[in-house]
Amino acid sequence: MADQNNKTKQERKETKNNEAKMKKFEIRTKDRKYTGFEDTEGQQQWQGAFTFIQAADTQLGLQERFVEKKTNPGWTKEIKWCLQLVDVVNKMEPRPKFLVICGDLIDAYPYERDAKEKETREAQEFDLKRILNGLNIPLVCVCGNHDVGDTPTEKSVLKYRKSFGDDFFSFWCGGVYFLALNSQFWQDRSEVQSLAKEQDDWLDKELEYIKTTRPVHAVIFQHIPPFIESIDERTQYFNLPSDVRKQILGKFIDAGVKYVFCGHYHRNAGGEHNGLEVVVTSAVGAQLGTDPNGYRVVNVVKDKIVHFYHGLE
Ligand SMILES: [Zn+2]
């Protein structure tokens with residue numbers, strides 16, 4: 001009995017320590033603006049070429065649950081890959097302006113349908129935040145279908161916002177204007193009509209803003225690619241529905257957006273449509289094709305943006 005009491009005490013202490021560590025994870029958005037830069041104002045000006053890192057699908061838990069089909073899946077491999085990512089990014093010279101993770105931060109869904117799901121999600125979230133706290137450059141989080149749910153609900157979206165910040169927001173960085181979007185609102189808005197409409201209205205205003213301010217580049221981050229290879233491909237799990245895709249890309253192009261960076265496919269892909277490039281980046285976590293686990297180095301120069309995928313090893 002004494003033993004058990006001790007254990008409980010110890011466990012309570014650990015939980016408290018864990019909570020304290022969790023609190024160090026900073027929410028970097030406010031009122032749909034990214035707040036992770038020290039000099040927010042200065043970011044509106046072009047200061048010369050710079051680099052940022054784009055990654056996707058850290059998705060703690062997918063490898064053992066889906067790829068290896070283990071009965072009691074853990075996420076030690078994703079932990080290793082995420083630690084490698086942080087390590088390699090921290091050592092980069094010159095320092096990238098930020099690291100963006102384009103969704104599916106973790107694997108477990110946010111619905112809390114049972115105790116196991118809730119517990120798994122909390123544990124994955126804890127491990128991811130603990131690792132990302134080690135980054136020495138600003139972190140930008142974009143939500144994926146696993147982060148807000150395949151069919152998002154008001155509750156699941158609010159849960160995401162509380163854990164990682166706004167699900168859609170914008171920011172200036174070195175004279176370039178960036179939008180981060182919640183692509184799940186285009187995939188299934190059945191339970192979140194009003195939240196999805198908020199993003200629609202906000203996006204229209206942001207695109208107008210881009211037209212009037214004419215940034216050096218306008219770039220979009222989202223989880224689900226509008227298309228994987230071409231505008232006319234058929235609707236499937238890994239792209240946006242054809243009608244939505246054409247509608248939003250038309251708006252992006254009209255506003256002068258030339259680059260959309262995405263994830264979700266767990267393979268590298270991408271294509272071009274009317275001067276707009278869709279860049280699909282493979283996963284930090286589990287691979288579904290033949291690419292290595294990796295990330296993309298994005299070099300921003302005045303007249304174009306060039307990017308290269310790098311394996312972690
Ligand atoms: Zn996904």
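Index from 1, following the sequence. Worth knowing before you read on, the calculation uses all heavy atoms, side chains too, and leaves out hydrogens, waters and symmetry mates. Just follow the structure's listing: the first ligand is 1, and inside any ligand the first atom is 1.
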Inset, instruction - Assign the ring pair His273 / Phe227 to parallel, tilted or perpendicular, where the plane angle (0 to 90°) is split at 30° and 60°. - result: perpendicular
Inset, instruction - Using 2.8 Å as the cut-off, note every protein N, O or S atom close to the Zn ion (ligand 1). - result: Asp104 OD2, Asn145 OD1, His223 NE2, His264 ND1
Inset, instruction - Kindly say whether Glu191 contributes a backbone atom to a donor-acceptor pair with the side chain of Gln193 at under 3.5 angstrom? - result: no
Legend entry - Option passing ring-ring contact (aromatic ring centres under 6.0 Å, His included) with Phe221 (candidates Phe168, Phe169, Phe52, Tyr259): Phe52
Legend entry - Gln184 and Asp188 side chains, donor-acceptor separation under 3.5 Å: no
Inset, instruction - On the 0 to 90° scale, with breaks at 30° and 60°, tag the Phe261-His307 ring pair as parallel, tilted or perpendicular. - result: perpendicular
Inset, instruction - Answer yes if the side chains of Ser282 and Asn268 hold a donor-acceptor pair under 3.5 Å, and no otherwise. - result: no
